[in-house]
A.B. asks: 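I'd like to ask you about the structure that follows.
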Amino acid sequence: MKIPFTKMHGCGNDYIYINCFEHDIDDPSTLSKQISDRHFGIGGDGIVLICPTDNADAKMRMFNIDGSEGKMCGNAIRCVAKYVYDNNIAAKDVLTIDTLSGTKTIELLIENGKMTSAKVDMGKAVIEPALIPVQSKETNPLIKFPFQVENKTYHITTVSMGNPHCVVFVDDPMQVDLALIGPKFEHHSFFPESVNTEFISVESRDTIHMRVWERGSGETLACGTGACAAVVAAVLNGLCDKDSDITVKLLGGDLVIRYTDEGVYMTGPAVSVFNGEILV
């Protein structure tokens with residue numbers, strides 16, 4: 001069968017988007033593994049299904065390149081909002097999108113009739129260990145918590161933004177052998193649902209540098225929930241300030257994150273690359 005798609009990215013975090021208002025996908029897990037391959041398929045960090053729902057303007061389902069279904073993706077949800085607006089599924093400048101992590105509200109920036117960027121209410125950060133989840137008897141948040149991987153001790157801060165994150169402070173993220181150490185964190189028994197791992201350095205109270213290893217995808221150029229987790233961790237460690245706009249510099253571009261008592265807010269771009277059809 002032929003499946004129409006749109007290739008989109010947010011800060012280089014690229015997915016293949018399929019309009020499920022018009023097309024049914026019976027096995028999205030297998031499809032993601034097939035067409036996300038950068039040599040034998042379209043290429044991307046996974047696929048995103050844009051689906052109808054009674055509870056919001058649209059529903060997002062995202063599948064990683066290994067076929068696993070993710071609960072939330074901050075970069076993908078901006079692209080879903082762009083698709084919904086630009087294709088007149090819901091022509092409003094404030095949209096609601098259902099995810100496995102709940103319904104998110106997105107404020108759109110419109111230029112010349114097209115959405116260019118958006119601010120997403122990512123919800124509240126979760127820092128209780130049992131809810132992230134991590135395998136720990138600790139009831140207090142794990143902040144600068146000593147954690148051993150491959151006979152080396154790291155000091156980690158754990159956060160959930162609808163999916164689990166482990167934030168590691170380093171001198172220079174570019175010097176981290178991410179392909180080697182990333183899977184060790186991802187599959188560590190301490191994280192029963194596996195984990196996304198952010199290696200970050202704090203340049204100033206309003207600027208962070210970050211690389212990320214995403215569960216199910218490996219290193220990606222950007223991670224929206226990871227950028228949110230990085231800012232929350234930096235605030236918890238006293239390195240950045242609450243209620244301030246903090247720029248997170250990723251390999252694929254910049255995201256602006258604000259951590260407040262009410263929630264975490266992420267602002268960033270969404271870009272359509274091309275449309276096409278693939279025969280599967």
Side-chain angles (χ1 to χ4, degrees), residues 4-11 13-25 28 45-64 69-126 131 159-165 196 222-229 231-232 243 245 248 255-272:
F5 68 88
T6 299
K7 182 73 179 291
M8 306 177 77
H9 78 86
C11 292
N13 197 191
D14 61 334
Y15 289 89
I16 302 150
Y17 293 78
I18 299 171
N19 182 348
C20 290
F21 283 81
E22 299 177 355
H23 303 277
D24 293 326
I25 304 298
D45 291 326
I47 69 170
V48 174
L49 309 184
I50 304 172
C51 308
T53 176
D54 293 332
N55 302 315
D57 294 307
K59 178 180 179 180
M60 177 180 86
R61 294 186 67 193
M62 56 87 62
F63 293 81
N64 297 307
E69 184 168 9
K71 291 184 177 180
M72 176 57 185
C73 175
N75 290 314
I77 201 169
R78 296 197 311 277
C79 292
V80 170
K82 177 175 176 60
Y83 189 98
V84 167
Y85 182 87
D86 289 357
N87 290 277
N88 295 310
I89 294 173
K92 303 185 292 185
D93 59 7
V94 178
L95 297 175
T96 52
I97 306 294
D98 271 349
T99 76
L100 288 180
S101 293
T103 302
K104 308 300 181 185
T105 300
I106 302 99
E107 298 178 22
L108 282 56
L109 176 64
I110 310 299
E111 294 181 5
N112 299 318
K114 300 290 185 180
M115 186 197 122
T116 57
S117 63
K119 177 182 178 182
V120 184
D121 180 350
M122 299 289 285
K124 291 191 174 183
V126 175
L131 300 180
V159 180
S160 174
M161 289 302 310
N163 49 8
H165 291 271
N196 304 284
C223 175
T225 57
C228 293
V231 168
V232 171
D243 302 308
D245 286 340
V248 181
L255 293 172
V256 176
I257 312 296
R258 177 179 285 256
Y259 174 34
T260 74
D261 289 332
E262 291 72 35
V264 184
Y265 300 89
M266 174 192 62
T267 301
V271 179
S272 292

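We number each residue from 1, following the sequence as shown.
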A.B. asks: Tell me the closest heavy-atom pair linking Ile257 and Met266, and the distance in Å.
C.D. replies: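 So the minimum-distance heavy-atom pair works out to CD1-CG, 3.6 Å.
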A.B. asks: How many angstroms lie between NZ in Lys124 and OH in Tyr259, if you round to the nearest 0.5 Å?
C.D. replies: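 Output value for this atom pair is 9.5 Å.
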A.B. asks: Answer with yes or no whether the side chains of Asp98 and Thr103 bring together a donor and an acceptor at under 3.5 Å.
C.D. replies: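 Note: Thr103 and Asp98 side chains meet the donor-acceptor criterion.
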A.B. asks: For the residue pair Ser160 / His165, report whether a side-chain donor-acceptor contact shorter than 3.5 Å exists.
C.D. replies: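 Note: His165 and Ser160 side chains miss the donor-acceptor criterion.
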A.B. asks: So, taking the atom named CG in Leu109 and the one named NZ in Lys82, what distance separates them when rounded to the nearest 0.5 Å?
C.D. replies: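 Rounded to the nearest 0.5 Å, the CG-NZ separation comes out at 10.5 Å.
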A.B. asks: Restricting to non-hydrogen atoms, name the atom on Tyr85 and the atom on Lys92 that form the minimum distance, rounded to 0.1 Å.
C.D. replies: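 What the structure gives for the nearest pair is CD1-O, 3.3 Å.
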A.B. asks: Of all the heavy-atom pairs spanning Ser101 and Gly162, show the shortest one and how long it is.
C.D. replies: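 Reported closest heavy-atom pair: OG-O, 3.0 Å.
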A.B. asks: So do Tyr265 and Val120 actually touch side chain to side chain, heavy atoms under 4.5 Å?
C.D. replies: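 SC-SC contact between Val120 and Tyr265 ruled out.
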A.B. asks: Is it true that the side chains of Thr105 and Asp121 contain a donor and an acceptor less than 3.5 Å apart?
C.D. replies: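 No pair is found: no donor N or O on one side chain lies under 3.5 Å from an acceptor on the other.
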A.B. asks: Does some side-chain heavy atom of Ile97 sit less than 4.5 Å from a side-chain heavy atom of Ile106?
C.D. replies: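 Yes, at least one pair of side-chain atoms sits under 4.5 Å.
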A.B. asks: Hey, is NZ on Lys7 packed in by over 12 heavy atoms from elsewhere, all under 6.0 Å?
C.D. replies: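 For Lys7, atom NZ is crowded (more than 12 foreign heavy atoms under 6.0 Å).
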A.B. asks: Would a 4.5 Å heavy-atom cut-off, applied to side chains only, mark Asn13 and Tyr15 as touching?
C.D. replies: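 Yes, close enough: below the 4.5 Å cut-off.
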A.B. asks: Quick one: OG1 on Thr99 to CZ on Arg61, what's the gap to the nearest 0.5 Å?
C.D. replies: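 Between Thr99 OG1 and Arg61 CZ, I get 12.0 Å after rounding to 0.5 Å.
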A.B. asks: One pair to check against side-chain contact (heavy atoms from CB on, under 4.5 Å): Asn19 and Thr6. What are the steps and the verdict?
C.D. replies: CA-CA 9 Å; Asn19 182 348; Thr6 299; over 6 Å; no
A.B. asks: Taking Arg78 for the side chain and Ser117 for the main chain, is one N or O donor matched with an acceptor at less than 3.5 Å?
C.D. replies: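 No.
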A.B. asks: Work out which heavy atom in Phe21 is nearest to a heavy atom in Asp57; give both atom names and the distance.
C.D. replies: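 Closest approach of Phe21 to Asp57: CZ-O, 3.8 Å.
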A.B. asks: Looking only at heavy atoms, which two atoms of Leu255 and Pro269 are closest? And how far apart?
C.D. replies: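 What the structure gives for the nearest pair is CD2-CD, 4.4 Å.
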A.B. asks: Is there a side-chain contact between Asn196 and Asn163, using heavy atoms and a 4.5 Å cut-off?
C.D. replies: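 Yes; the side chains approach each other to less than 4.5 Å.
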A.B. asks: To the nearest 0.5 Å, what is the distance between CD on Glu111 and OG1 on Thr116?
C.D. replies: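 Glu111 CD to Thr116 OG1: 4.0 Å, rounded to 0.5 Å.
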A.B. asks: Contact between Ile16 and Val48 at the side-chain level, heavy atoms closer than 4.5 Å - yes or no?
C.D. replies: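 Sidechains of Val48 and Ile16: no contact.
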A.B. asks: Say you draw a straight line from CG of Leu95 to NZ of Lys104; how long is it, rounded to the nearest 0.5 Å?
C.D. replies: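 One gets 15.0 Å once the value is rounded to the nearest 0.5 Å.
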A.B. asks: Could you check whether atom CG of Asp24 has more than 12 heavy atoms from other residues, nucleotides or ligands sitting under 6.0 Å from it?
C.D. replies: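 Result for CG/Asp24: open.
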A.B. asks: Do Leu49 and Phe63 touch side chain to side chain, with heavy atoms closer than 4.5 Å?
C.D. replies: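 The answer is yes; the side chains approach within 4.5 Å.
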A.B. asks: Hey, what do you get for CG (Asn64) to CG (Asp45), rounding to the nearest 0.5 Å?
C.D. replies: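 Here the rounded value is 8.5 Å.
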A.B. asks: Do Ile50 and Ile18 have side chains that get closer than 4.5 Å, going by heavy atoms?
C.D. replies: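 Not in contact.
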A.B. asks: Where is the tightest heavy-atom contact between Thr225 and Gly74, given as atom of each residue plus distance?
C.D. replies: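 Scanning both residues completely, I find the closest heavy atoms to be CG2-N, 3.9 Å.
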A.B. asks: Measuring only between side-chain heavy atoms, which start at C-beta, is Leu100 closer than 4.5 Å to Met72?
C.D. replies: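 Not touching, per the 4.5 Å side-chain cut-off.
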A.B. asks: Of Met8, Met115, His9, which is the lone residue that meets side-chain contact (heavy atoms from CB on, under 4.5 Å) with Ser272?
C.D. replies: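 With Ser272 as partner, Met8, Met115, His9 yield a single side-chain contact (heavy atoms from CB on, under 4.5 Å), made by Met8.
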